[in-house]
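Nothing fancy with the numbering, it's 1 onward along the sequence.
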Amino acid sequence: SNSNSNNNNNPSPLTAAAKTALKTALLTSSSNGDANPDSLQSCVHHGLPKSLVLRSIAAFHAKKREYAKALINMGKPADVSTLPAPMIQHLVDGIVAAVATAASTAAAAQAAQQKAAAAAVAASTSALS
């Protein structure tokens, strides 16, 4: 059985599958920042907004350029396409973590907003009675 009851108490809507989909989208995007259509579709399927995925990809490529520039400034021959794998991995993990944090913060904020709205309704109802 594939019940979702166990993640109701988890404020982060970013599942492991969504994180994996996002990592794949970052790693399969082209060097000029275009998303791989299949990877993008997979992210959307796992509940990630398309705009968020595209922003993440843009951030990923911007960071790669920064890293390459930093290496060149340190006198190392570097190119965006030849960054060391651990560096890329670190970058991908950082972006996925940032997205996960933003997602759980948004979910928490939404829950708080709903609570506040319910409290306001309750208060106005009791004032009327």
Under a 4.5 Å side-chain heavy-atom rule over Ile, Leu, Val, Met, Phe, Trp and Tyr, are [X] and [Y] clustered together?
{"X": "Leu27", "Y": "Leu40", "value": "yes"}
{"X": "Val44", "Y": "Val99", "value": "no"}
{"X": "Val80", "Y": "Leu91", "value": "no"}

Say whether, by atom type as modelled, one donor and one acceptor occur between the side chain of His61 and the main chain of Ser30 under 3.5 angstrom.
->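 The answer is yes, because a donor-acceptor pair under 3.5 Å joins these two groups.
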Do side-chain atoms of Thr82 reach the backbone of Ala78 as a donor and acceptor pair under 3.5 angstrom?
->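 Checking the backbone N and O of Ala78 against the side chain of Thr82, no donor-acceptor pair under 3.5 Å is found.
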If every non-hydrogen atom of [X] is compared with every non-hydrogen atom of [Y], which pair is closest and at what distance?
{"X": "Ala59", "Y": "Ile95", "result": "C-CD1, 4.1 Å"}
{"X": "Ala100", "Y": "Lys19", "result": "CB-CE, 3.9 Å"}
{"X": "Phe60", "Y": "Val92", "result": "CE1-CG2, 3.5 Å"}
{"X": "Ile57", "Y": "Ala35", "result": "CD1-CB, 3.5 Å"}
{"X": "Pro84", "Y": "Leu71", "result": "CD-CD1, 4.5 Å"}

A side-chain contact here means heavy atoms from C-beta on lying under 4.5 Å apart; do [X] and [Y] qualify?
{"X": "Asn36", "Y": "Thr24", "answer": "no"}
{"X": "Leu26", "Y": "Ile88", "answer": "no"}
{"X": "Lys63", "Y": "Glu66", "answer": "yes"}

To the nearest 0.5 Å, tell me how far His46 NE2 sits from Leu22 CG.
->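 It is 11.0 Å, given to the nearest 0.5 Å.
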Atom OG1 in Thr28, atom CG in Asp38: separation rounded to 0.5 Å?
->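 Atom-to-atom, Thr28:OG1 and Asp38:CG are 8.5 Å apart.
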Passing option when Val53 is tested against Ser42, Cys43, Ser39 for side-chain contact (heavy atoms from CB on, under 4.5 Å) =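 In the set Ser42, Cys43, Ser39, the residue that makes a side-chain contact (heavy atoms from CB on, under 4.5 Å) with Val53 is Cys43.
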Kindly state each residue pair satisfying salt bridge (Lys or Arg N to Asp or Glu O under 4.0 Å) with at least one member in residues 68-86, sequence neighbours excluded.
->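 Applying salt bridge (Lys or Arg N to Asp or Glu O under 4.0 Å) to every pair that reaches into residues 68-86, excluding sequence neighbours, yields nothing.
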Who pairs with Lys23 by salt bridge (Lys or Arg N to Asp or Glu O under 4.0 Å), at least two apart in sequence or on another chain?
->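 Counting only residues at least two positions away or on another chain, Lys23 forms a salt bridge (Lys or Arg N to Asp or Glu O under 4.0 Å) with Asp93.
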